[in-house]
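Just so you know, ligand 1 is whichever comes first in the structure, and atom 1 is the first atom listed for that ligand. Note that the numbering runs from 1 along the sequence shown for the chain.
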Amino acid sequence: MKAIVLVGGEGTRLRPLTYTTPKPLLPIANVAFLERQLSWLARHGVDEVVLSLGYLPDAFVDHFPSGRFGDVKLTYAVEDEPLGTAGGIRFAAEQGGIDDRFVVCNGDVLTALDLTEMVRFHDERGAEATIHLCPVDDPSAFGVVPTLATGEVVAFVEKPSAGHAPTNWINAGTYVLEPAVLERIPPRLTVSIERDTFPRMLDRPGALFALQRDVYWIDIGTPEMYVEAQRDVLTGCIGLPPVDGATELAPGVWQQGGVSVAATARVEPPTLLGTGSDVGAGALVSGSVLGRDCVVEPGARVVRSIVLERARVASGAEALDAVVGSEAVLEADASVRDLTVVGAATVVPSGSRFSGARVPLQVAQP
Ligand code: GDD
Ligand code: MG
């Protein structure tokens with residue numbers, strides 16, 4: 001079975017991390033998000049994936065130099081201009097020679113959905129398209145999708161204003177589509193599947209179905225969810241070990257390869273220490289992920305935070321509910337808190353304090 005993964009967006013809500021790394025290649029518990037998604041697709045029988053690309057396409061080609069991920073063959077469909085979600089699907093399907101029922105995923109959704117069951121549901125109903133729905137507390141940031149008891153979709157309302165959602169079951173960003181859907185999408189135009197294609201499909205009864213499944217699901221696209229997804233992976237929410245080959249040092253404390261932890265350091269679960277990470281005397285690492293070759297100097301604190309590879313938290317500095325980009329440095333006594341996101345290779349000066357900030361705010365465009 002073939003799949004298209006939509007990975008062309010700019011990931012604006014995760015800037016400045018996404019200035020240098022596209023959102024799907026950001027790590028979730030030290031494994032690129034897209035690798036987790038491709039593994040999930042492969043477990044459900046997908047053997048060929050077209051990556052629908054636009055933003056920073058070379059990063060994907062560099063990440064998968066062989067054009068494969070395990071047993072999955074990868075094809076790249078690079079848009080000159082963003083074609084939107086439906087335009088991107090049509091273009092990717094043409095590039096990947098898709099002429100049979102296929103799967104589409106948003107490239108930022110981590111889920112334990114049983115895709116095999118979803119494909120069966122789609123086939124049994126003879127649907128033209130089937131959407132996975134999951135329930136959320138606040139549907140206003142999503143596509144909201146009321147259905148009949150049979151699963152047939154009765155409306156598709158993308159991002160309704162607060163308090164106006166007809167249901168709290170939302171589009172979870174996984175679709176099973178028949179090739180007939182492609183004919184509904186005008187070629188080489190910017191078209192949204194959520195705002196254009198799905199709503200128009202309602203004109204033909206019996207075409208658009210949805211499968212309601214309240215399974216583990218998260219969109220990693222905001223700093224809050226990006227941090228939460230990693231904690232979920234460490235605590236086993238998706239039903240798999242956090243990283244292949246990691247060992248559990250103490251309950252909920254995982255280690256990949258060799259790490260150095262001083263005797264007087266405290267490491268509290270759920271935490272993952274990447275290969276070569278170094279935690280100094282009296283330091284605290286709690287509920288966090290350290291990437292490969294990270295350094296937490298003596299007396300530093302990393303709490304409920306994600307520190308990407310080769311970053312350094314200097315003596316007396318702290319990261320509390322923060323994301324620190326790869327090769328970034330928190331100099332001595334610096335403090336980043338409350339969902340502050342520090343970009344790659346950024347130096348946060350000694351003694352400075354940031355709360356809920358993006359550091360740096362802007363990267364000069366070449
Ligand atoms: N190829 C391509 N071209 N991909 C795109 C484009 C484009 O022009 N625009 C966005 N994408 C990709 C993004 O990279 C992402 O993987 C996916 O499409 C969805 O875009 P987001 O920007 O993450 O959308 P969202 O999270 O606000 O809303 C979408 O996902 C929700 C579930 O997480 C919608 O599908 C909602 O209906 C849904 O509820
Ligand atoms: Mg999203």
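- The cationic group of R68 does not satisfy the cation-pi geometry with F64, failing either the under 6.0 Å distance to the six-membered ring centre or the 45° limit from the ring axis.
- When heavy-atom distances to ligand 1 are checked against a 4.0 Å cut-off, Y175 comes that close only through its side chain, counted from C-beta outward.
- Between A141 and ligand 1, no pair of N/O atoms sits closer than 3.5 Å.
- The distance criterion of under 3.5 Å between nitrogen or oxygen atoms is met by G9 with respect to ligand 1.
- Heavy atoms of W217 found under 4.0 angstrom from ligand 1 belong exclusively to the side chain.
- Between T85 and ligand 1, no N or O atom pair is found at a separation short of 3.5 Å.
- At under 3.5 Å, a nitrogen or oxygen of G143, whether backbone or side chain, sits near a nitrogen or oxygen of ligand 1.
- Within the 4.0 Å heavy-atom criterion, neither part of M225 lies near ligand 1.
- The residue from E81, E79, K159 that puts a heavy atom closest to atom 28 (O) of ligand 1 is K159.
- When non-hydrogen atoms are compared, ligand 1 lies under 4.0 Å from the backbone of L6 as well as from its side chain.
- Here I193 has no heavy atoms under 4.0 Å from ligand 1, in either its backbone or its side chain.
- The part of V7 lying near ligand 1 is the backbone, judged by heavy-atom distances below 4.0 Å.
- Considering backbone and side-chain atoms together, F142 places no N or O closer than 3.5 Å to any N or O of ligand 1.
- In this structure, I4 CD1 and R90 CZ are separated by 11.5 Å, a value rounded to the nearest 0.5 Å.
- Ring-centre distance between F142 and W217: below the 6.0 Å cut-off.
- Excluding water, every protein N/O/S atom under 2.8 Å from the Mg ion (ligand 2) is given here by residue and atom: D108 OD2, D219 OD2.
- In the displayed structure, D62 atom CG is contacted under 6.0 Å by more than 12 heavy atoms of other residues, nucleotides or ligands.
- Polar contact with ligand 1: present for G84 (N/O pair, distance under 3.5 Å).
- Shown here is R43, whose CZ atom has more than 12 heavy atoms of other residues, nucleotides or ligands within 6.0 Å.
- Using cut-offs of 30° and 60° on the angle between ring planes, the pair Y175 and F198 is perpendicular.
- In this structure, CH2 in W169 is found 7.5 Å from NE2 in H132, a value given to the nearest 0.5 Å.
- Linking ILVMFWY residues whenever their side-chain heavy atoms come closer than 4.5 Å, directly or via other members, leaves V78 and L83 in distinct clusters.
- When I89, L34, N106 are ranked by how near their heavy atoms come to atom 19 (C) of ligand 1, first place goes to N106.
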